[in-house]
Amino acid sequence: MQEGYNFKEIEKKWREFWKKTELYKTDIYTKKNKAYILDMLPYPSGAGLHVGHLKGYVGSDVTARYKRLKGFEILHPMGWDAFGLPTENFAIKTGKDPYTVTEENISEFKKELINVGLSIDWDKEINTSHKDYYKFTQLLFLKLYKKGLAEKKKSPVNWCPSCKTVLSNEQSIGGVCERCDNQIEIKIIDQWYFKITEYAERLLNDIPSLKWPVSTKKMQEKWIGKSKGAEISFKIENKDFNLNIFTTKPETIYGVTFIVIAPENTLIDKITTKEYQTDVKNYIKNISPQSEIERKKDVKTGVFTGSFAINPINNNKIPIWIADYVLMEYGTGAVMGVPAHDKRDLLFATKHDLKVEFVLDENIKDYKQSKMIIGEYKGKYVEEVRDNIIKDIKGAKHKTEYKLRDWSISRERFWGAPIPIIYCDQCGEVPVKESDLPVILPDDITNYKPTGVAPLTKSDQFMNTKCPNCNGDAKREAKTMDTFVDSSWYYLRYIDPYNKKEFGNKDSLNKWMPVDLYIGGSEHAVGHLLYSRFITKFLYDEGYLNFSEPFEQLKHVGLIYGEDKRKMSKRWGNVITAKFVLDEYGADVTRLYEMFMEPFEQYAFWNTNAIIGVKRFINRVWKLQYIISKKEHPEETIATNKLIQKVDEYIKKGKYNLSVSEYMKYMNKIEELGSITKENFEKFLITLSPYAPFISEELFSILGHNESIHLSSWPQVQNNSIKETHITLPVQINGKLRGTIYIEIDSSEKTVLEKINKDDKLSQKIDLENIKKVIYVKNKIINILN
RNA sequence: GCCUGGGUGGUGAAAUGGUAGACACGCUAGCCUUAGGAGCUAGUGCUAAUUCUUAGCAUGAAGGUUCAAGUCCUUUCCCAGGCACCA
């Protein structure tokens, strides 16, 4: 009587065994080659872990286990992005404190991740909300501060009226809050910034060297948004100052018919003439409360200032307007209006009856192919004359602009790392001494409710301190850091998580970094991934690291949607929890199915019905132990070699779905042959073990091994073993498939034609006497043209 | 509008320019079973017919290159994701 496969007992047994034997512990000081396989730091939300979260973790675990079998020392850690708004909001809602909420969520997440059989070294677990971690987040702040790369400035910020906090540009894409989808307002307040813009050029230049998805690299390039052009200074009639504009097409200066400045531009008061003051005030009053999203209209509103500028190339007098289609944040907050060669300027000119003057015979397909039609350089291509024109314009210079803005990092919320700054009446803004870190979050706050004022101001215990300079009474900065700061350096901490003095031991960091394979969702294409690159470059400059890119290879995991094709969410009731699938089908089946259902990077709709195929497969794997035979079939050897090669290739390429197909093909073959040798069975189990670590471990031990399958080596392909001797060759006649013939491998054209001649069916279809041409690709195809 | 990806059976999907649809789900028939939402066997792109065979048609559409195109080139339509007044 054959026993069925009882995953519940068996998986439990091996989970305990792996824990007890510390099977997945990383030896940081190893002499072996290293591989750092990392998942993006999960946010332990109260909603729990669902099947979509698992997919990425299984993919990285497959790779980690594969590389372990290939003889690498593996660092495959896990931790928690534990600070943040949702936890704080949940705490407010339930009356619990964020510490407890976080602990509960982490423990739930961790349990499921262990159940799924990830080969994680849990000794290296990190938690960004733990003081031993955020001490170094604060240290990072101080290091940046000392280099002038962290600074407080009053500036317009994205404000979420619902979360009552500031958001970064990356968190407010499209003018809505990333967390709650509310519309963003623009507020002008004191905020802390990291000057990522200082690194714009380097962040851009290193993109080509990354083994990342093209789309992500392109997104970063666009986000950084480098444009080369010129800054041109315009004299203003009857005024003693100039107005600077930025343009990428300085050659069109001949066609400037007006100047437009942004409504937020501080020069407006000085430029506006008396008689236009009321108009201008009204205009600005009407547009300023509007959010950016409302400003993105094709209607180009604007108002005349009453003043005129002088075009430096031809001394033409041109009107200066104010319009909200000009953005203060980019360039100089003023543009030259060239309606003939700019769509927006044309819309504006048409609406406000402004002149249109052509400069170029514009080539619609390629601007570079346009020729000048007026001025000194008439008849020449734009590209050749640009530099000369910049030279010709008095007060013009080459200028490069970036769309990238500084990184806003301060938040008016409680559940984050406090910014280590002290305000002293005598000394002003003073950084906390490094030796005084961490600045610990207080435990005397019970009401976190967002009011717009940082909650930490309510804690006297926290706020009151002494000035590190003069020892006088002083107050602490009450804002906390955005969680993206926590996660901008965490990948370093896994290497040396207990280090009390530094981010991590320098030698260890340099040995283990960069991350060899980084797996996570594409939603972090510009936020987290750009911040991490910036921080790595900064720490490189500071001499802590000898590498300047943190993630060598990046792979995105596709989202899993609910069975109803909507995003998995409590709101729709379509969440398939990790717990449910693991309880129902076990870890091996869950893992295999998540890898099998579609290409890894692709989004998918969950389908519980389809999981049965993998379940059947696992049951068949279990039954292989009953058909072990001493006699090896030649086809069995061929199939085994092929399996090893294919799976090897597919894991390397991240084509996880295709390796699962290979296992199934192999299984079909073995069942057809009716037996398998112990040796081949072992090889099969080892190649399967990265995907199905439990059943492969159990069967390996049943085969008599005392040591874990996960400590064995990837099987070798036998080169001198039996190879396929015959193949089926497709036969085409005039380009159409008419049949196949079974031939010896590497047969000559002559042999093949003879064989076709002997084939009753094929020879009837071909006029073998009148062959015009034969195309024979060895072992691939033969095409006979009559 | 711009930047990425994609359009292949009833479904998820495979295919270094060389037998399109591997592998799996589903479906159909049969076996086994008290039962099947378990298991096993066979079949399954579409359309014809003279149906154990054969022919034609099939990878969003239209052209092109080639002995040969899902794959390369040109035009075009549609879908998904991202960005979007960046001068």
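Chain A is the first sequence line, chain B the second, and so forth, proteins listed ahead of strands; every chain is numbered from 1.
Minimum atom distance to the side chain of A/Met664 is reached by B/rC23, of the listed B/rA84, B/rC23, B/rA87. Side-chain proximity of A/Thr740 to the nucleotides B/rC25, B/rG82, B/rU19 is greatest for B/rU19. Checking B/rU4, B/rG12, B/rA22 against every side-chain atom of A/Phe596, the shortest atom distance belongs to B/rG12. Here B/rA87 is the nucleotide among B/rC3, B/rA87, B/rA22 with the atom lying nearest to any side-chain atom of A/Tyr330. Proximity note for A/Ser661 (side chain, C-beta onward) versus B/rA87, B/rC23, B/rA24: the nearest is B/rC23. Which of B/rA15, B/rA55, B/rC23 sits closest to the side chain of A/Arg738 comes down to B/rA55. Among the nucleotides B/rU19, B/rC83, B/rC67, the one closest to any side-chain atom of A/Thr728 is B/rU19.
Protein atom CZ of A/Phe234 is 12 Å distant from nucleotide atom C1' of B/rA87, rounded to whole Å.
The six-membered or imidazole ring of A/Phe484 lies away from that of A/Trp407, with a centre-to-centre distance of 6.0 Å or more. When ring centroids are compared, A/Tyr663 and A/Tyr691 come within the 6.0 Å threshold. Aromatic rings of A/Tyr593 and A/Tyr585 (six-membered ring for Trp) have centroids beyond the 6.0 Å cut-off, not under it.
As rounded to the nearest Å, B/rC77 and B/rA22 have C1' atoms that lie 30 Å from one another. Nucleotides B/rU50 and B/rG56, compared at atom C1', are 16 Å apart to the nearest Å. Rounded to whole Å, the P atom of B/rA20 lies 41 Å from the corresponding atom of B/rG36. If you take atom P in B/rU28 and the same atom in B/rA38, they sit 13 Å apart, rounded to whole Å.
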**OP:** Kindly determine whether A/Asn607 and A/Glu563 satisfy side chain to side chain contact (heavy atoms under 4.5 Å, CB included), including the steps that lead there.
**Re:** CA-CA 6 Å; A/Asn607 181 359; A/Glu563 288 182 293; 4.2 Å; yes
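For B/rG9, the base adopts the syn conformation, since its glycosidic angle falls within 90 degrees of zero. Because its glycosidic torsion is more than 90° from 0, B/rU8 is reported here as anti.
Counting any heavy atom pair closer than 4.0 Å across all strands shown, A/Pro599 reaches sugar-phosphate atoms only and no base atom. Residue contacts for A/Ile782: at a heavy-atom cut-off of 4.0 Å it reaches no nucleic acid atom on any strand shown. Contact annotation for A/Ser227: backbone-only contact, meaning every heavy-atom pair under 4.0 Å involves sugar-phosphate atoms and none involves a base. The residue A/Asp345 sits apart from the nucleic acid: no heavy atom pair falls under 4.0 Å. Within 4.0 Å of A/Lys772, counting heavy atoms only, lies no atom of the nucleic acid at all.
B/rG81 is paired with B/rC3 under the criterion used here, namely a Watson-Crick or G-U wobble arrangement in which both key atom distances are under 3.5 Å. A 3.5 Å limit on both hydrogen-bonding distances identifies B/rG30 as the Watson-Crick or G-U partner of B/rC40. With a cut-off of 3.5 Å on both pairing distances, the Watson-Crick or G-U wobble partner of B/rC57 is B/rG45. As the counterpart of B/rU11, B/rA24 is assigned, both hydrogen-bonding distances of the Watson-Crick or G-U wobble pattern falling under 3.5 Å.
When the nearest nucleotides of RNA chain B are assigned to A/Glu598 and A/Ile612 by heavy-atom distance, the more 5′-ward of the two goes with A/Glu598. Residue A/Ile781 is the one, among A/Ile775 and A/Ile781, whose nearest nucleotide of RNA chain B lies closer to the 5' end (criterion: closest heavy atom).
Using a 3.5 Å distance cut-off with no hydrogens or angles, the side chains of A/Thr301 and A/Tyr325 do not pair a donor with an acceptor.
For the pair A/Asp648 and A/Lys652, the salt-bridge criterion is met [side-chain N within less than 4.0 Å of a carboxylate O].
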